[in-house]
Protein chains: 2
Amino acid sequence: MSSVSIPPPECMLRPLEVPVRYLFGPGPSNVPPRVLAAGGKPIIGHLHPEMYEIMNDIKKGIQYAFQTENNMTISMSGSGHAAMECAVFNIVEPGESVLIAVNGIWGERVSEIAERMGANVHRLVKAPGGCYTNKEIEQAIEKHKPVLFFLAHGESSAGLCHPVDGFGDICRKHNCIFLVDSVASLGAAPIFMDKQKIDILYTGSQKALNAPPGTAPISFNDRACNKMFNRKTKPVSYVFDMTHLSDYWGCNGSPTRGYHHTGPVSGFFALRESLAILAERGLEESWRKHKEVAAYLYKGLEDLGLKLFIPDKVRQLPSVTTISIPEGYEWREMLTYIMKNHQMEMTGGLGPSVGMV
Amino acid sequence: MSSVSIPPPECMLRPLEVPVRYLFGPGPSNVPPRVLAAGGKPIIGHLHPEMYEIMNDIKKGIQYAFQTENNMTISMSGSGHAAMECAVFNIVEPGESVLIAVNGIWGERVSEIAERMGANVHRLVKAPGGCYTNKEIEQAIEKHKPVLFFLAHGESSAGLCHPVDGFGDICRKHNCIFLVDSVASLGAAPIFMDKQKIDILYTGSQKALNAPPGTAPISFNDRACNKMFNRKTKPVSYVFDMTHLSDYWGCNGSPTRGYHHTGPVSGFFALRESLAILAERGLEESWRKHKEVAAYLYKGLEDLGLKLFIPDKVRQLPSVTTISIPEGYEWREMLTYIMKNHQMEMTGGLGPSVGMV
């Protein structure tokens, strides 16, 4: 038998130090003590009956937050990116056509994910923050005949909240699944999954839900389930396979649940608590509060002579405010100054909006 | 604008209840208060300099736990299954040959993952708990010419700790990457990544490391990096792409780090704390303690007239003890009785060992 040759690292003999910061970036956001306390509770098994109850509560909490009655409603054991890959991997088969609205970073990400798994990707590109008309989308769908159409409701890289009304009807007419990203917007700006005919909706835990990062609610309606459970090939990822995930979350009607992977038990405790706060406060109050605080911020910024990147008031994302970089300033220097002198995190653009906001 | 039609769920108005349980299943294990407290600290941004420091500490802690000097050492933002998919997705290109030792559930899982991404999978099947000789492996490698050979060091479904000496040399001789799963064994049974010439090693946070589930240490040596960074096609998953993950973890030498996904900040705090405890206690002491406690348990079980599933003492996994089901008993009934009357979690077999242990 060999012996230990690599000694314990000295850095590990120092205690963990975590500074207190005001998180004013697009996420993660500051987490209320109540949610932190829930995440610090003792661990139980991922397949215990009490854990199933907590997962059932989470499912109901997501149904409320999403305004959906979809049975196929779960949380991913991962970040919003995991939900994004899960949606694409399960719905699309290699060679199938997908249409992606690219008006910021999230459309780019989904395009990259879909290309890697062998989809035939069609991008509908606009400048960061650009909006699509129903006519533009219908024409593109008629042309490319996609099985999936992606739109970001909250395009955080531009600070845009994109309207979603009407797209669901167009997708139904053309036998296409309507996939919406609400990572940056859910809980901050109104969205109604069922009424707005969204077939797949996902979000992240670490934005307006105020939970730690690491879990990501996602919901599929019957149209989406019909497509993903009648495919010819298995999804490329075992970890993100909804056949197994729906079994783990008790969505498939079976009295027993299968072992698939070990879910982030503490993360689920915290997610449940954050969804409970949303349920207690109410969606309307959460939307109202975000709008009120955003309006107060906009006013202050305008008083300082700063310009909002999204000028159209109804399209401003209440959770993420983007400021056009004032002429003559270097954005990285400004962010470093604010963090150093005010302990406040702000961030620059992402993807196509880098150097703009 | 629509209005809210789905009311807040009543279950969410009840406080979160988490029972205290003795977790004697194969994982998750009970988490020490110190690690729970670390995981409950206030959130900071995933791209803050202080977070990079914590990630650097984690990297050093994993290098110690794995006994490796590999620079390409990170934690996945996910469970052991995420590490498993990450290894296969990054190393193997579609059509390439892989060889998998299947003597329990983990070899089956890796086979399924590799098949889904288009690998040419060769299984070397034994009964649960069966061991492979160096000669058997060399013959199979000569025959199938795999780019990757997988072996579980801790085959938890059988309670087996498989020797790994010699396989690394065989893999080098035949230009094959040696991938080892130590999810159930790391910290409980000795393993020396560099000395034992393991090219990729991964584990989970929620077993002998005693952290909550949701993070998974993984390390790649230069041979593995050489293969995965010189591939012709992109890995099928963006989320698990090591090009991006190594950038996020500061392994690629660049002074700045790229945004890839939002890591589980609380999960990383907890993982750092659990690795700190291991560094303070020392690997030798952790191995000794697991062995001592296991021996005490084996003695008690034998005194009760129970039989261990792995009779060979040197191949028993100190972290997971498997008991042959006594004749005339139904394993599910026994587990339910123990949980109900003693608040202790135990579990049955997994995959091929269901009904046996």
Side-chain angles (χ1 to χ4, degrees), chain A residues 1-2 4 6 8-9 11-12 16 18-21 23 25 28 31 36 38-45 50 57 60-61 63-64 67 77-79 81-82 85 112-113 116-117 190 192 195 206 212-214 234 236-239 261-262 264-267 269 272-273 275-276 279 283-284 345, chain B residues 1-2 4 6 8-9 11-12 16 18-21 23 25 28 31 36 38-45 50 57 60-61 63-64 67 77-79 81-82 85 112-113 116-117 190 192 195 206 212-214 234 236-239 261-262 264-267 269 272-273 275-276 279 283-284 345:
Chain A
M1 178 57 69
S2 292
V4 169
I6 292 164
C11 63
M12 277 305 198
L16 171 66
V18 180
V20 174
R21 282 280 152 73
L23 302 177
V31 173
L36 288 175
K41 281 189 182 279
I43 298 292
I44 56 173
E50 293 86 357
D57 289 352
K60 291 209 177 77
Q63 287 172 327
Y64 172 64
Q67 287 292 294
S77 303
S79 71
H81 275 89
E85 269 203 3
E112 164 131 28
I113 286 168
R116 285 177 184 235
M117 55 73 57
F192 304 90
K195 283 187 186 164
Q206 80 279 18
K234 280 187 184 177
V236 72
S237 168
Y238 175 83
V239 172
H261 72 290
T262 307
V265 172
S266 314
F269 292 167
R272 185 200 181 280
E273 199 69 13
L275 289 164
L283 275 170
E284 298 95 331
E345 180 198 29
Chain B
M1 177 59 68
S2 292
V4 169
I6 292 164
C11 62
M12 277 304 197
L16 170 65
V18 179
V20 173
R21 283 278 154 73
L23 302 177
V31 173
L36 289 174
K41 281 190 181 278
I43 297 291
I44 57 173
E50 293 85 357
D57 289 352
K60 291 210 177 76
Q63 286 172 327
Y64 172 64
Q67 287 292 294
S77 303
S79 71
H81 275 89
E85 268 203 4
E112 164 133 26
I113 285 168
R116 284 176 184 235
M117 54 75 56
F192 304 91
K195 283 189 188 165
Q206 79 279 17
K234 279 187 185 179
V236 73
S237 167
Y238 175 84
V239 172
H261 72 290
T262 306
V265 173
S266 314
F269 292 167
R272 185 200 180 279
E273 199 68 13
L275 289 164
L283 276 169
E284 299 94 331
E345 180 198 31

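Residue numbers begin at 1 in each chain, while the letters A, B, ... track the order of the sequences.
Counting heavy-atom pairs closer than 4.5 Å to chain B, the top-ranked of the candidates A:G214, A:G45, A:G78 is A:G45. Note: B:Q67 leads B:E273, B:Q67, B:K234 in heavy-atom pairs under 4.5 Å with chain A. The candidate with the highest count of non-hydrogen atom pairs below 4.5 Å against chain B, out of A:S77, A:P42, A:G25, is A:P42. The candidate with the highest count of non-hydrogen atom pairs below 4.5 Å against chain A, out of B:V18, B:L275, B:V236, is B:V236. Most heavy-atom pairs under 4.5 Å with chain B, from the set A:I44, A:V20, A:V31: that is A:I44. Interface check for chain B: of the options A:K195, A:M117, A:Q63, A:E284, the most heavy-atom pairs under 4.5 Å are formed by A:K195.
The minimum heavy-atom distance between B:H81 and A:Y238, with the atom names listed, is CD2-CE2, 3.8 Å. The two atoms that bring A:C11 and B:R272 nearest to each other are O-NH2, 3.1 Å, heavy atoms only. The two residues B:G40 and A:L36 make their nearest non-hydrogen contact at O-CB, 3.6 Å.
With a 4.5 Å cut-off on side-chain heavy atoms, B:S237 and A:E85 count as touching. In this structure, the side chains of A:Y64 and B:V4 come closer than 4.5 Å at one or more pairs of heavy atoms. Two residues are said to be in side-chain contact when any heavy atoms from C-beta on lie closer than 4.5 Å; B:P213 and A:V265 meet this criterion.
Using a 4.5 Å cut-off between heavy atoms, B:L283 contacts chain A through its side chain alone, with no backbone atom that close. Residue B:A82 touches chain A through its backbone alone, counting heavy-atom pairs closer than 4.5 Å.
Remark: A:S79 engages no residue in a side chain to side chain donor-acceptor pair (under 3.5 Å) (not counting sequence neighbours). Residues passing the ring-ring contact (aromatic ring centres under 6.0 Å, His included) test with A:F269, sequence neighbours excluded: none.
Atom OG of A:S266 sits about 10.5 Å away from atom CD of B:Q206, to the nearest 0.5 Å. Here B:D57 contributes atom CG and A:M12 contributes atom CE; the two are 5.5 Å apart, rounded to the nearest 0.5 Å.
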